[in-house]
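Values in this document were obtained by computation on a predicted structure and should not be read as measured data.
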Amino acid sequence: MNTLISLYNAVFGRLERQDWILPTLARFTFVAVLFLYFWKSGMTKLGDGFVGLFVPSTGAYAQIFPKAFEAVGYDVSQFGLFHWAVVWSGTVAEFVLPILLLIGLFTRLAALGMIGFVFVQSLTDIYGHGADEKTIGALFDRFSDSHIMDQRAFWVLMLLILVIKGAGPLSLDRILKGSVKSED
């Protein structure tokens with residue numbers, strides 16, 4: 001039995017010391033699964049032309065403030081600076097944060113931002129859009145297919161790995177960390 005335990009500890013001890021695997025796979029998984037999801041979602045919020053970067057589409061207001069948008073008769077001009085700022089910053093976040101995770105720059109901060117974004121997105125889906133029970137789901141049930149509780153729990157776990165472990169070796173964070181050390 002001691003031989004088996006020693007073999008187990010030797011094999012998995014080596015794996016445990018490979019600090020690069022988990023953050024690298026977390027970033028790869030984010031890019032492979034969620035990068036285009038957020039990018040396309042951000043694209044739906046842009047207005048027309050270059051000015052569209054600063055004047056979000058009406059769909060952006062419908063996505064982010066669905067009940068309030070309905071209450072004002074779908075008239076964007078009824079919204080104020082607060083609504084514009086929330087829509088604009090959410091749109092920018094959908095582009096900037098995934099790009100930062102893709103290139104591994106300010107990864108911990110970008111992952112924290114994405115966690116916050118996912119929470120706000122989930123609350124908007126539940127309370128703003130009135131998601132049904134199957135879409136919301138529940139933790140600790142026998143079903144694993146809900147879009148909010150189940151899927152987004154895995155999203156947050158993947159992002160927490162990046163918050164805790166950082167970007168890994170294939171990142172701009174690592175390059176910048178090396179350049180700061182070499183200047184000292």
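Around the CZ atom of Phe28, the shell of radius 6.0 Å holds no more than 12 heavy atoms that belong to other residues, nucleotides or ligands. The 12-atom threshold is exceeded at CZ of Phe38, counting heavy atoms of other residues, nucleotides or ligands nearer than 6.0 Å. A 6.0 Å sphere centred on CD of Gln18 holds more than 12 heavy atoms belonging to other residues, nucleotides or ligands.
For the atom pair Trp20 CH2 and Leu22 CG, the distance stands at 11.0 Å (nearest 0.5 Å). With rounding to the nearest 0.5 angstrom, the CG atom of Asp75 is 7.5 Å from the CZ atom of Phe69. One distance of note links CG of Leu172 with CG of Leu100; it measures 9.5 Å at 0.5 Å rounding. Here the OG atom belonging to Ser144 is positioned 7.5 Å from the CZ atom belonging to Phe154, to the nearest 0.5 angstrom. To the nearest 0.5 Å, the span separating OG1 on Thr29 from CE on Met158 amounts to 6.5 Å. Note that NZ of Lys165 and CG of Asp19 are 4.5 Å apart. Values are rounded to the nearest 0.5 Å.
By the criterion of side-chain heavy atoms lying less than 4.5 angstrom apart, applied directly or through intervening Ile, Leu, Val, Met, Phe, Trp or Tyr residues, Ile161 is not grouped with Phe106; the two fall into different hydrophobic clusters. A continuous path of ILVMFWY side-chain contacts below 4.5 Å connects Ile99 to Leu36, so both sit in one hydrophobic cluster. Val156 and Ile164 fall into different hydrophobic clusters, where Ile, Leu, Val, Met, Phe, Trp and Tyr are joined by side-chain heavy atoms under 4.5 Å apart, directly or via other members. Residues Ile148 and Leu160 do not share a hydrophobic cluster, defined by chaining ILVMFWY side chains whose heavy atoms lie under 4.5 Å apart. No continuous path of ILVMFWY side-chain contacts below 4.5 Å connects Val55 to Val92, so the two sit in separate hydrophobic clusters.
Counting all heavy atoms, side chain and backbone alike, Pro23 lies closest to Gly166 at CB-O, 3.1 Å. The two residues Ser41 and Glu94 come nearest to each other via the heavy atoms OG-OE2, 2.7 Å. Scanning both residues, Asp145 and Lys134, for their nearest heavy atoms gives OD2-NZ, 2.9 Å. Closest non-hydrogen pair, Gly137 versus Ser146, comes out as CA-CB, 3.3 Å. Listed here is the closest heavy atom pair of Ala60 and Val87: CB-CG1, 3.5 Å. In this structure, Arg27 and Ser171 approach most closely via the heavy-atom pair NH1-CB, 3.6 Å.
Side-chain contact between Phe79 and Trp84 is absent, with no heavy-atom pair separated by less than 4.5 Å. Considering only heavy atoms from C-beta on, Arg108 stays 4.5 Å or farther from Leu162 through its side chain. Leu101 is not listed as a side-chain neighbour of Val31, based on a closest heavy-atom distance of 4.5 Å or more.
For Arg152 (side chain) and Val118 (main-chain N/O), no donor-acceptor pair under 3.5 Å exists by modelled atom type. At least one donor-acceptor pair closer than 3.5 Å links the side chain of Ser89 to the backbone N or O of Ala85. Of the possible donor and acceptor atoms, none in the side chain of Thr24 sits under 3.5 Å from a partner among the backbone N and O of Gly168. With hydrogens and angles ignored, the 3.5 Å screen pairs no side-chain donor or acceptor of Thr124 with any backbone N or O of Gly128. Panel note: side chain Ser6, backbone Asn2; a donor-acceptor pair is recorded below 3.5 Å.
Note: Trp155 and Phe117 fail the aromatic proximity criterion, with ring centroids not under 6.0 Å apart.
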> Should Phe35 and Phe30 be marked as a ring-ring contact (aromatic ring centres under 6.0 Å, His included) after you check the CA-CA gap, both sets of side-chain angles, and the distance that decides it?
Replying inline: CA-CA 6 Å; Phe35 184 85; Phe30 176 86; 7.1 Å; no
>> Working note: His147 + Ile136, criterion side chain to side chain contact (heavy atoms under 4.5 Å, CB included); need CA distance, chi angles, decisive distance, verdict.
In response: CA-CA 6 Å; His147 290 283; Ile136 296 169; over 6 Å; no
> Trp39 and Phe95: ring-ring contact (aromatic ring centres under 6.0 Å, His included), yes or no, with the steps?
Replying inline: CA-CA 6 Å; Trp39 189 267; Phe95 290 110; 4.7 Å; yes
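Ring orientation note: the planes of Phe82 and Phe65 are tilted relative to one another, at an angle of 30° to 60°. Relative ring orientation between Trp88 and Phe54 is described as parallel, the plane-to-plane angle staying below 30° on a 0-90° scale split at 30° and 60°.
Thr44 pairs by the side chain to side chain donor-acceptor pair (under 3.5 Å) definition with Gln63, not counting sequence neighbours.
A donor-acceptor contact closer than 3.5 angstrom links the side chains of Asp173 and Thr107. Side chains of Thr135 and Asp132: a donor on one and an acceptor on the other come within 3.5 Å.
Residue Leu170 is found outside any hydrophobic cluster, as its side-chain heavy atoms come under 4.5 Å of no other Ile, Leu, Val, Met, Phe, Trp or Tyr.
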